[in-house]
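See structure below.
Sequential numbering from 1 along the given sequence is applied to the chain's residues.
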Amino acid sequence: MGAGKSTVGARVAEATARPFVDLDRLIERRHGPIPELFERGEAEFRQLEEGILAEVLAGPDSVVALGGGAVLSPLSRERLRLRAFTVFLDVTADAAWERVRGSDRPLAQQEADFRRLYESRQQVYAETADAVAETAEDVLLAALGIRFGRMVTPAGPVELVADGHVLELHAAPLEAPVHALPPGEEAKSRAVVERLWTELRLGREGTLVAFGGGSTTDVAGFVAATYLRGIRWVAVPTTLTGQVDAAIGGKTGINTADGKNLAGAFHFPEQVVLDPGVLATLPERERRAGMAEVVKTGLLAGRDLWELPEVEMIRACAAYKAGVVLSDPYEREGRRTWLNLGHTFAHALEAGSGYRASHGEAVALGLLAALRLSGQPTDPVEEVLRPEPVEADLDWAWAALKRDKKGEGVFVLLEAAGKPVVTTVPDAEARAALAALIRQ
Ligand SMILES: NC(=O)c1ccc[n+]([C@@H]2O[C@H](COP(=O)([O-])OP(=O)(O)OC[C@H]3O[C@@H](n4cnc5c(N)ncnc54)[C@H](O)[C@@H]3O)[C@@H](O)[C@H]2O)c1
Ligand SMILES: [Zn+2]
């Protein structure tokens with residue numbers, strides 16, 4: 001009671017595009033005001049509550065605000081354990097009382113009774129919860145296992161797959177047998193996958209920990225998805241791109257002779273452990289590449305995330321991506337496509353430059369094109385990323401753009417800051433926008 005479930009719940013629902021169900025409101029709609037129901041006895045109310053919760057849990061994926069007493073039922077606790085990710089919104093007794101005093105809540109009429117109830121429920125809350133949170137951002141991060149600081153040591157045997165260069169700069173996140181990979185993109189190959197399939201000694205109860213940038217987490221995640229038909233894994237991203245984007249969302253994969261990321265699997269990590277401290281050694285070029293994804297995320301979210309202090313910036317970007325991913329975990333609905341803002345142009349420029357343009361440079365330019373086509377101000381991109389036109393072959397880039405996997409002429413644009421749309425753009429306009437990104 002008074003923890004802010006309705007407010008936080010509604011925000012989480014909005015971020016994840018899931019229906020929001022406030023259990024107390026639902027009970028009232030069906031059976032009348034809760035104070036009146038309580039007059040007939042708490043036991044009867046609890047039974048109604050148990051039944052309706054079971055019904056809600058059997059329905060579509062939703063964000064549910066539970067009444068404060070709902071988890072007192074062992075049957076409800078068991079149903080939550082099987083079906084839900086349950087978050088305990090932590091609040092002090094003082095703050096909760098301030099919010100509920102003077103309301104018509106039957107169990108919040110006397111301060112002393114309220115405080116006794118608060119104390120008596122703390123333990124069952126702690127036991128029922130999969131995570132403890134205060135804000136909607138906390139909930140989104142927790143739901144995808146994203147945490148700052150230390151890894152929760154996995155139960156069972158662990159092996160570490162790490163970018164060899166990163167291992168020279170930073171201590172491994174835990175003690176375990178190490179498989180060092182070639183640095184960066186080179187690791188996303190069939191040869192590396194086959195080597196790991198052979199070298200790993202883990203059984204099905206084992207956990208693979210990936211320590212490196214997006215390249216390392218992509219390949220290690222793919223190995224985790226396929227080794228013994230799939231084992232648990234933990235991502236410890238060491239690049240800004242990895243912490244705000246690549247390590248979040250369960251997409252894993254490698255490159256094939258035909259192109260980037262053409263073989264892969266959705267396989268969500270158990271944890272994504274973010275330590276902004278490791279970014280201290282990141283070369284400027286890699287930091288800029290990460291900032292391009294930060295600006296992308298800020299434009300999608302409609303917030304100047306790039307202006308936040310580093311830790312908050314990473315947190316906010318990771319939480320935004322988590323929300324979009326949770327709205328469409330396996331990219332079936334199309335909302336995950338939003339995350340490709342600027343990327344259709346970026347991939348075209350990468351290909352059209354014979355991959356001399358880096359992904360970060362290309363994304364910065366791609367965002368510029370997307371904003372121009374959207375009729376939106378381009379200054380965030382120009383001020384933060386300062387993109388310069390690249391040397392590339394326009395026909396080659398155009399051909400690559402036409403092959404884009406989203407389908408011909410389909411782009412992510414912005415109706416307004418924070419309002420992405422998937423829409424078509426006439427060829428002539430798209431080609432002109434592309435040409436403007438290429439040095440003449
Ligand atoms: N799965 C996804 O959803 C997703 C999303 C975005 C990008 N990606 C993939 O991520 C890859 C790019 O990953 P990336 O940009 O994180 O870089 P990366 O893993 O390719 O590494 C880039 C370079 O940075 C070095 N490096 C890594 N951490 C460092 C540190 N802390 N200090 C110093 N050097 C360090 C590496 O050794 C390497 O040389 C691409 O293959 C891309 O396809 C995947
Ligand atoms: Zn990108």
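Of the residues listed (Ile314, Leu308, Val244), the one engaging Val294 in a side-chain contact (heavy atoms from CB on, under 4.5 Å) is Val244, and it is the only one. Exactly one residue among Thr238, Asp163, Thr281 makes a side chain to side chain donor-acceptor pair (under 3.5 Å) with His170. That residue is Thr281. The side-chain contact (heavy atoms from CB on, under 4.5 Å) test with Trp233 singles out one residue from Val209, Val223, Thr217, and that residue is Thr217.
Val363 has its side chain out of reach of Val295: every pair of non-hydrogen atoms, C-beta onward, lies at least 4.5 Å apart. Contact annotation: the side chain of Arg315 never approaches that of Leu305 to less than 4.5 Å [non-hydrogen atoms, C-beta and beyond]. In this structure, His343 and Glu293 have side chains that are in contact, with non-hydrogen atoms separated by less than 4.5 Å.
Of the possible polar contacts, one joining the Arg204 side chain to the Gly230 backbone as a donor-acceptor pair under 3.5 Å is found.
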Are Arg81 and Glu78 close enough, and set up right, to give a salt bridge (charged side-chain N to carboxylate O under 4.0 Å, His left out), and what steps lead you there?
-> CA-CA 5 Å; Arg81 192 181 67 74; Glu78 179 61 9; 2.8 Å; yes
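Other residues, nucleotides and ligands contribute over 12 non-hydrogen atoms within 6.0 Å of the CD atom of Glu199. Heavy atoms of other residues, nucleotides or ligands lying less than 6.0 angstrom from CD of Glu55 number more than 12. Residue Arg190 places its CZ atom among 12 or fewer non-hydrogen atoms of other residues, nucleotides or ligands, all under 6.0 Å distant.
Here the CD-OH distance, from Glu185 to Tyr355, works out to 9.5 Å after rounding to the nearest 0.5 Å.
Ring geometry for Tyr330 against Phe268 counts as perpendicular: the plane angle is over 60°, on a 0 to 90° scale with 30° as the lower cut.
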